[in-house]
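Beneath this line is the structure, given in structure tokens, with notes to follow.
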Amino acid sequence: MKKIVSMLLTGAMVLSLAACGGNAGSTASTAAAEATTAAAEASTAAAEASTAAAEASTAEAPAGEEITLDVIICQYGPNTNEWFLGSGMNGTNFVDKFESENPGIKLNLEVVSWNDVYTVVDTRIANNNAPDILNIDVFANYATEGLLMPVSDYCPDELFNDFFPSFIEQSVIDGTVWAVPDLASARAMFYNVDMFDEVGIEVPTTWPELEDACQAIIDFYGGDVYPWGIDMTTDEGQAAFAYYTWGNGGGFVDADGNWAVNSDENVEAIEFALSLINNGYTNPNPATQTRYDLQDMFAAGKMAMLIAPNQLPTYVADKGGEINMATANIPAAEGKTSSSVGVMDRVMAFKDDSAPDQAARNEAIGKFLEFFYDPENYVGWVSMEGFLPAVNSAVEALVASDPSFEAWLDVLGGCQFYPTAMAEWDQVKQGVINAEQAALESGDIQSELDALQDALTQ
Amino acid sequence: MNGIRTKHKWTPYVWLLPSIVLIAVFVVFPILIVFRLSFSEISKAGVVGGFVGLDNYKEAVNLPAFKTVMINTLWWVLSVVGISTVLGFIIAMALNQKFRGRKIARSVLVLPWATSLVIQASVWNYIIKYEYGSLNNVLLNTGVITQAVNWRSSFQIEFIWECTVGIFVTIPFVTFCVLAGLQSIDNELYEAAIVDGAGFWQKLRLITLPLVKPALTVSTVLNIIYVFNSFPIIYTMTKGAPANKTDTMITYLYMLSFYDRRKGPATALSVIGFLILCVCAGLYMRFVMRGEESA
């Protein structure tokens with residue numbers, strides 16, 4: 001008996017160790033737990049505040065018809081939490097203000113970090129507990145699996161017509177719009193103006209000019225400055241794929257919208273990018289140096305050119321860098337047109353068959369969106385983290401507050417987006433990153449892309 | 001008499017109840033769910049479908065990176081556990097000597113173990129950074145090198161760095177296990193051995209090692225489990241890049257599930273990992289039980 005008990009005990013102990021990942025996991029998770037506790041405390045405070053507000057408002061609302069919407073918002077930066085739950089919205093916050101203006105609707109709003117949001121959402125879906133409203137980048141998987149409601153079910157017409165049409169097109173599958181854009185950013189080439197003056201070179205617009213500029217920078221500074229930055233990391237290597245293939249008339253899909261990752265244009269484009277690395281024109285470890293590493297180098301005056309989003313000036317200023325920078329089109333292959341890369345995030349609504357009054361729920365979601373995109377609220381939200389807007393009604397106010405927005409809005413008008421509406425996008429995204437990273441070692445991008453294309457067309 | 005016996009029968013279980021409940025809810029239950037999931041179809045968005053037999057396992061084993069990842073995992077566990085055990089043992093022997101500042105040395109040693117692994121790995125990232133890493137800075141300023149060295153020039157070297165960090169953070173655990181064992185050895189044994197004319201190696205082989213063996217067994221087996229399951233170092237330093245060449249099983253199945261969104265094979269892989277650990281744990285239990293019986 002004693003032996004059996006001790007066997008059981010040892011078993012339980014080993015099992016628990018095996019499952020929790022031991023000191024590695026536990027120290028990390030303790031830290032994480034502490035962080036979440038702090039966050040929870042913060043949100044409890046916010047929740048208390050909002051309960052108070054809700055109590056005040058229920059007095060006017062018809063009894064028994066209160067609707068609670070579960071909302072997940074991604075954390076774009078340090079201000080996101082303050083804006084939605086703290087006091088970042090002129091002393092109040094999004095939830096309080098919404099609830100006081102919309103009696104009868106309560107928000108159960110969570111701000112989730114980008115690192116966790118996929119895990120959180122997937123787990124909730126698996127447990128049959130999807131949020132009502134979700135803010136995230138991707139939508140195709142949710143739409144094709146029948147989890148989302150068409151936008152026309154809940155979005156008021158006036159608001160729907162306010163979105164930039166080119167943005168809405170990115171969220172269409174089989175003729176149905178499944179999500180609306182919440183904000184966007186656009187990428188362009190940034191260069192260090194002082195360095196260019198010192199070396200005496202012009203801004204490159206084509207690939208051969210880019211090579212010449214890189215060589216001139218190397219000749220002038222020796223190895224002290226990287227002329228060009230490349231990020232082929234697991235985080236964002238698909239962006240590098242887009243920069244070069246789109247600049248060579250290629251891309252993820254062909255003219256008919258079918259996957260064409262191994263086209264001759266693509267192979268040529270990535271081979272060009274690899275040649276920049278092999279010639280020593282770039283940062284040395286593109287597989288592990290993220291865009292943020294590159295931005296740090298640019299801010300420290302160690303990199304002359306890179307492709308970055310419109311927030312780069314703010315980023316550099318926050319880092320204490322004083323770089324005299326300017327933007328230009330991303331260099332393209334000779335005779336090909338340059339195209340910028342647009343990145344867009346979305347808001348979408350999940351189905352909830354258990355909701356007693358579907359019409360009232362749809363109306364509540366519509367009210368949420370109207371409130372979200374009301375210029376009075378939306379302009380502050382978009383400019384707070386330096387993003388570009390998704391609705392026409394916000395443009396005027398944004399340009400008035402920061403004239404540099406205007407140039408970026410032009411860039412945004414002409415940029416291409418990732419084919420996120422296609423169901424295989426996750427596979428393609430990770431596939432091109434893997435292909436790039438493998439080619440960094442082997443030099444053979446053709447066979448890597450062929451293998452990916454085969455897997456896609458099987 | 002009778003009353004005392006009954007009391008003896010159930011009191012242990014009362015004391016054990018909280019841990020049993022916790023383990024059941026947070027360990028056993030999730031494990032059962034993962035087992036069920038590994039035989040089910042799981043969509044990209046996480047919707048669980050019907051029974052698909054061994055399809056997920058077949059897909060997992062046929063993944064192009066599967067072989068690389070298994071070999072990496074083997075190297076990772078062998079090198080980190082092996083080297084840290086040897087080094088930890090030597091350090092424990094040193095710390096068991098009487099010397100001035102021993103207490104400080106012992107408390108400094110615990111630091112790598114007491115710091116969060118994510119922070120450790122990030123700090124190491126800064127140390128070996130090519131552009132403004134402190135390793136290059138120190139070596140340049142002391143004149144050891146004249147030009148900055150790219151410490152992460154290939155994936156093999158990246159993986160060696162990850163193993164090095166793994167070893168660095170694992171040594172304290174081994175040291176303290178062994179140190180506890182060493183302190184329990186009666187000094188009279190050594191005195192007797194010295195009288196009999198035994199040298200350093202004879203004392204080590206005939207007294208220290210046999211008596212420290214239980215502590216060493218515990219630390220080794222626990223380390224195999226810890227290190228096999230260790231996620232933060234590799235995820236923080238390379239995320240498996242380039243192309244899964246520095247992934248171990250744990251980081252790979254995370255990438256598979258949440259980056260590639262292939263949840264089926266990812267759950268199958270985690271079950272395979274669990275079974276491998278169960279075998280290790282089973283061997284350990286047999287080992288320990290047998291040791292106890294013969295003692």
Side-chain angles (χ1 to χ4, degrees), chain A residues 3 5-7 9-12 14-25 27-28 30-31 118-119 121-126 141-142 144-145 147 223 226 232-235 237 283-285 287-288 293 296-297 300 302 423 426-427 429-431 433-438 440-441 448 451, chain B residues 12 16 19-20 23 27-28 30-31 42-48 64 113-119 130-132 147 150 152-155 158 169 173 222 225-227 229-233 237-245 250 255 258-263 274 277-278 281 284-285 288-289:
Chain A
K3 203 171 149 192
V5 171
S6 71
M7 284 268 287
L9 275 179
T10 329
V14 172
L15 203 64
S16 65
L17 280 171
C20 79
N23 70 335
T27 28
T30 318
Y118 305 100
T119 325
V121 174
D122 289 0
T123 314
R124 288 185 62 157
I125 291 172
N141 292 331
Y142 307 131
T144 49
E145 289 175 25
L147 301 169
Y226 300 132
M232 291 183 170
T233 60
T234 308
D235 287 328
N283 48 304
N285 305 324
T288 48
D293 289 326
D296 289 347
M297 293 176 203
K302 268 198 78 83
D426 296 308
Q427 194 188 343
K429 176 177 153 191
Q430 292 309 313
I433 293 171
N434 260 2
E436 286 170 349
Q437 293 183 351
L440 280 174
E441 299 287 334
E448 297 292 337
Chain B
L16 286 174
S19 2
I20 289 174
I23 289 172
V27 179
V28 180
I31 288 175
I42 313 168
S43 78
K44 285 182 179 175
V47 179
V48 182
W113 197 52
T115 319
S116 148
L117 283 186
V118 178
I119 294 170
Y130 175 49
E131 287 78 18
Y132 7 73
Q147 215 182 349
N150 184 2
R152 324 180 54 159
S153 53
S154 74
F155 72 89
E158 297 254 25
V169 299
F173 178 70
L222 292 183
I225 298 172
Y226 290 154
V227 172
N229 274 339
S230 178
F231 176 82
I233 294 174
M237 291 185 77
T238 61
K239 286 212 170 124
N244 307 113
K245 286 200 171 68
I250 296 294
M255 305 302 280
F258 295 109
Y259 279 67
D260 298 7
R261 302 181 87 82
R262 298 172 74 171
K263 290 168 195 299
F274 176 75
L277 282 181
C278 277
Y284 162 67
M285 278 163 70
V288 171
M289 294 296 165

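Naming convention: chains lettered A, B, ... in sequence-line order (proteins, then strands); numbering from 1 in each chain.
Among the candidates B:S19, B:G46, B:P30, the residue making the largest number of heavy-atom pairs closer than 4.5 Å to chain A is B:G46. Your options are A:N434, A:L440, A:V121, A:N283, and the one with the most heavy-atom pairs under 4.5 Å with chain B is A:N434. Listed options A:D426, A:T233, A:T123, A:I433 were ranked by heavy-atom pairs under 4.5 angstrom with chain B; first place goes to A:D426. Note on A:K302, A:E448, A:E145: by heavy-atom pairs under 4.5 Å with chain B, the leading option is A:E145. Comparing B:Q147, B:R262, B:K263 by heavy-atom pairs within less than 4.5 Å of chain A, the highest count is held by B:K263. Contact count versus chain B (heavy atoms, under 4.5 Å) is highest, among A:Q427, A:M232, A:E441, for A:E441. Per-residue heavy-atom pair counts under 4.5 Å with chain A were compared for B:I20, B:I233, B:N244, B:I42, and the maximum is reached by B:N244.
Only the side chain of B:E158 has a heavy atom closer than 4.5 Å to any heavy atom of chain A. Only the side chain of B:M255 comes within contact range of chain A, with at least one heavy atom under 4.5 Å from a heavy atom of that chain. With a threshold of 4.5 angstrom between heavy atoms, A:M297 approaches chain B through its backbone and through its side chain. The contact between B:Y259 and chain A is made by backbone and side chain atoms together, counting heavy-atom distances below 4.5 Å. With a 4.5 angstrom heavy-atom cutoff, A:A435 does not touch chain B via any of its atoms. Contacts of B:R152 with chain A are made by both backbone and side-chain atoms, with heavy-atom separations under 4.5 Å.
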What verdict does the side chain to side chain contact (heavy atoms under 4.5 Å, CB included) test give for A:D235 and B:K239, after you've listed the backbone C-alpha separation in whole Å, the side-chain angles of each residue and the deciding distance to 0.1 Å? CA-CA 9 Å; A:D235 287 328; B:K239 286 212 170 124; 2.6 Å; yes
Using side chain to side chain contact (heavy atoms under 4.5 Å, CB included), reason through A:D296 and B:Y132 one step at a time and then give a plain yes or no. CA-CA 11 Å; A:D296 289 347; B:Y132 7 73; 3.9 Å; yes
Between A:T144 and B:K44, does a side chain to side chain contact (heavy atoms under 4.5 Å, CB included) hold up when you go through it step by step? CA-CA 10 Å; A:T144 49; B:K44 285 182 179 175; over 6 Å; no
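A:R124 meets the salt bridge (Lys or Arg N to Asp or Glu O under 4.0 Å) test with A:D70, A:E110; sequence neighbours excluded.
Shortest non-hydrogen contact noted between B:A45 and A:L147 is CB-CD1, 4.0 Å. In terms of heavy-atom proximity, A:Q430 sits nearest to B:D260 at CG-OD1, 2.9 Å. For the pair B:A243 and A:A438, the tightest heavy-atom approach, listed with the atom from each and the gap, is CB-N, 3.8 Å. Listed here is the closest heavy atom pair of B:A241 and A:T288: CB-CG2, 4.4 Å. What you find for B:N150 and A:P284 is that their closest heavy atoms are ND2-CB, 3.6 Å.
Counting heavy atoms from C-beta on, the side chains of A:Y118 and B:R261 come closer than 4.5 Å.
The CG atom of A:N285 sits 11.5 Å away from atom OG1 of B:T238, with the distance rounded to the nearest 0.5 Å.
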